[in-house]
Amino acid sequence: MVSNIHNSTSASPDEVLREIDALLADISSLAEARLPANEFYPVLLERTVFAISALGGEIWLAGAGDALHRVYQSYTDAYREPNPQTIGIVEASLREVLGSGQGKIFEPRNRRAPSIIACPIITDGQPWGALAFFVAPDVPQAAQHGFLRFGLAVADLACHYQHQTARDRLIAMASSRSRYDNYCIAAYGAWSLRDVAFHVVNEGRLLLDCDRLSLAIFRGRRSRVMAVSGVAEIGRGNEQIIRLQRLVDAVAKLGQPFFYTDDSRNLAPQVEQAIAHYLDESTARSIAIIPLIVANPDSLNQSAVGRNSPSRQYRPVGALIVEQFTLRPIHDMTEPLLSMSRHAAIAVDRALRIHQVPLLAPLLWRMGSARRFGAGWLTKWIWGIAGILVLCAAFSFIRTDFNITVRGELRPINERHVFAPADGIVTDLLIEHGQEVKSGDILLTLRSTEIDFESAKIRGELLTAQQRLVTIQAGRLQALSTDERTDREINQLSADELTLRKRISNLNEAYRILERQQEQLHIHSPIPGTVLTWNVAQKLNARPVRCGQILLSVGNLDGPWMLRLRVPDDLIGHIQTAIDRDGSPLDVSFVMATSPRKSYQARTRQIGIATQVDRPNDEPVVFLTADFDREEVRELRPGASVVAKVHCGRASYLYVWLHGFYEELSRRFF
């Protein structure tokens, strides 16, 4: 049971000492209990704060350089969490006691502010962290010094806990030595970059006992995540992977290991922004990024070492990313992580070198080692390579048919699309799919509310103008028969009559135009044929249409047919070259998708002069048409899919097999 030392004013000194000894014994038993750090330190902090009646307490962890990170805190109800200014003062105070190695009481400048009791935690001569307690300003100086001594005793127990933890870690490392050795052997035994990456992250996560381990490699100035522990395939479009790669790029510019423990105050601006973006996608509580550094080959030359700067003697090949989603301190695995990263750097560098040499990776995978083939393995490989060269030379002279395989469809040559002449609504649909129509037959009727409105408007204006004309004519005749009106009034009536007659003429002309537009809403078949559009009633009946919209298609199925082929833009050059060379159409053989057992013959007729985008696949294509004998094809259906081979003459077997690879290299290294 933890008692309150500060409130035990009525107790004798012996009783206070016994309470202190009991409290320290209780904390010592916690240290011996092998509790995880995220359980031991909060309990240690809460009991100490309660025992000395402090307003609150914090545990800070020393990072790289002189950086300090607040990892645990405990406050009473009477004390609010420190503001940024107070946190800065606490950090400066703890940095001072860590530098001196002695505990100290820091009096505040403001008398109302609490005093700070700072106690360093030193393990093996190195600062591990520090304890900070906030004491009310009304506590006597003698009591504060007693609390300082008590805090130093608690810090010693924390050091003991750290020693116990380190010893347990060393024991665990010793027990896993064989597995660690097997990990190194497997990493060096793999040749493929993919195998090395997946082995490093999956086996490495088990060795480190971390939540997630990832491996990124550097290609130029950009990193690429190659493997994530527990993940079989990495989605390159995954936003979390993209943000992780940006974080690795930002950390790589620092050139040193990076540790993040939920505190971004001492980070570089570019790193702070990158890690904030990544944490928006990830739930990691702490992150460590360890660069994989190897020596430059040129730096092995002693003269080169003298000329090159240290930054040029070493180069990064990748980075290990450790993520913890729990409160377990990531610094506990720093030593094994650095040791494992050295082996991973060598394995990754070797895999990258093999990956960059053409044909070397599959060769080494097949060989395994020189011993596999015995003493004559080199002779066998020389004879094998010589045989391959002879075959390549032979196939470069033997000629065969050079065909370009494309896809297309069957279409009647006489096929027309019917377009909407204006915006409107389909009112009468007089045809259906597969119906035979004649040229000029009415297919459907549209109703345009705009044309109806304009017609009614012009009719009203025309009627008003005609009535006005009758009135003016009657007034002019009456003025001529009497002497009551002057010549000026008679002339004005005559001018108004001429104006109205002109307006009536214009309105009649506009009305005739609207009548012609109304007649165009009766859509006629442009050719005799068959309605090819499927499910016309559901598509068009009583539905609004836009001007220029394709309503349906009519095709003459009894006339000639053609092949409409889609040739990829990167293959049309072979076809055009063959036509220019032979000066005549090319032969085409094709099979239908529904009956691929029988092939048919055709001849090219026309090649498109422009490249277009094929909407289903969004690929640039050139359309090619070819004629065939429709009597040979039994099942003619508009739009039937075909696979065709355009015969472009003859070429060597080697060119026929490898022309795609050769052209791709030419495009990449032109």
- Excluding sequence neighbours, so at least two apart, what forms ring pair (Phe, Tyr, Trp, His ring centres under 6.0 Å) with His433?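 His433 satisfies ring pair (Phe, Tyr, Trp, His ring centres under 6.0 Å) with Trp534 once adjacent residues are dropped.
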Considering only heavy atoms from C-beta outward, does the side chain of [X] approach that of [Y] to under 4.5 Å?
X      : Y      : value
Pro269 : Gln273 : no
Gln467 : Thr471 : no
Arg219 : Ile217 : yes
Val633 : Met592 : yes
Ile431 : Leu552 : yes

- Would you call Glu233 and Arg194 a salt bridge, using N to O less than 4.0 angstrom?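 A salt bridge is present here (some side-chain N lies under 4.0 Å from a carboxylate O).
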- Between Arg512 and Glu509, does at least one N-O distance fall below 4.0 Å, as a salt bridge requires?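 Counted as a salt bridge, because a side-chain N and a carboxylate O are separated by less than 4.0 Å.
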Is there a donor-acceptor pair closer than 3.5 Å between any side-chain N or O of [X] and the backbone N or O of [Y]?
X      : Y      : value
Arg399 : Arg650 : yes
Asp627 : Arg603 : no
Arg416 : Ser525 : no
Thr577 : Gly573 : yes
Ser595 : Val591 : no
Asn556 : Asn414 : no
Arg630 : Gly559 : yes
Thr533 : Ser553 : yes
Ser505 : Arg501 : no
Asp629 : Glu631 : yes

- Item | Qualifying residue, where the test is side-chain hydrogen bond (donor to acceptor under 3.5 Å, both in side chains) with Arg447 and the options are Asp452, Asp428, Thr427 |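 Going through the options one by one, the only one that passes is Asp452.
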- Given Gln601 and Ser589, is the side-chain hydrogen bond (donor to acceptor under 3.5 Å, both in side chains) satisfied, shown in steps? CA-CA 5 Å; Gln601 301 299 318; Ser589 58; 5.0 Å; no
- Query: Under 3.5 Å, is there a donor-acceptor pair between the Glu409 and Ser641 side chains?
  - Reply: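 The answer is no; no qualifying pair exists.
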- Message: Side chains of Gln245 and Asp249 only: does a donor on one sit below 3.5 Å from an acceptor on the other?
- Response: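 Judged by distance alone, the side chains do not pair up.
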- Is the His417 ring parallel, tilted or perpendicular to the Phe419 ring (thresholds 30°, 60°)?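 Ring orientation of His417 relative to Phe419: perpendicular.
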- Please report the shortest heavy-atom distance between Ala644 and Leu565, naming the atom on each side.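 Residues Ala644 and Leu565, closest heavy atoms: CB-CD2, 3.9 Å.
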- Ring-face cation contact, Phe623 with Arg564, 6.0 Å cut, 45° max: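 Judged by the rule (NZ or CZ under 6.0 Å from the ring centre, within 45° of its axis), Arg564 counts as positioned above Phe623.
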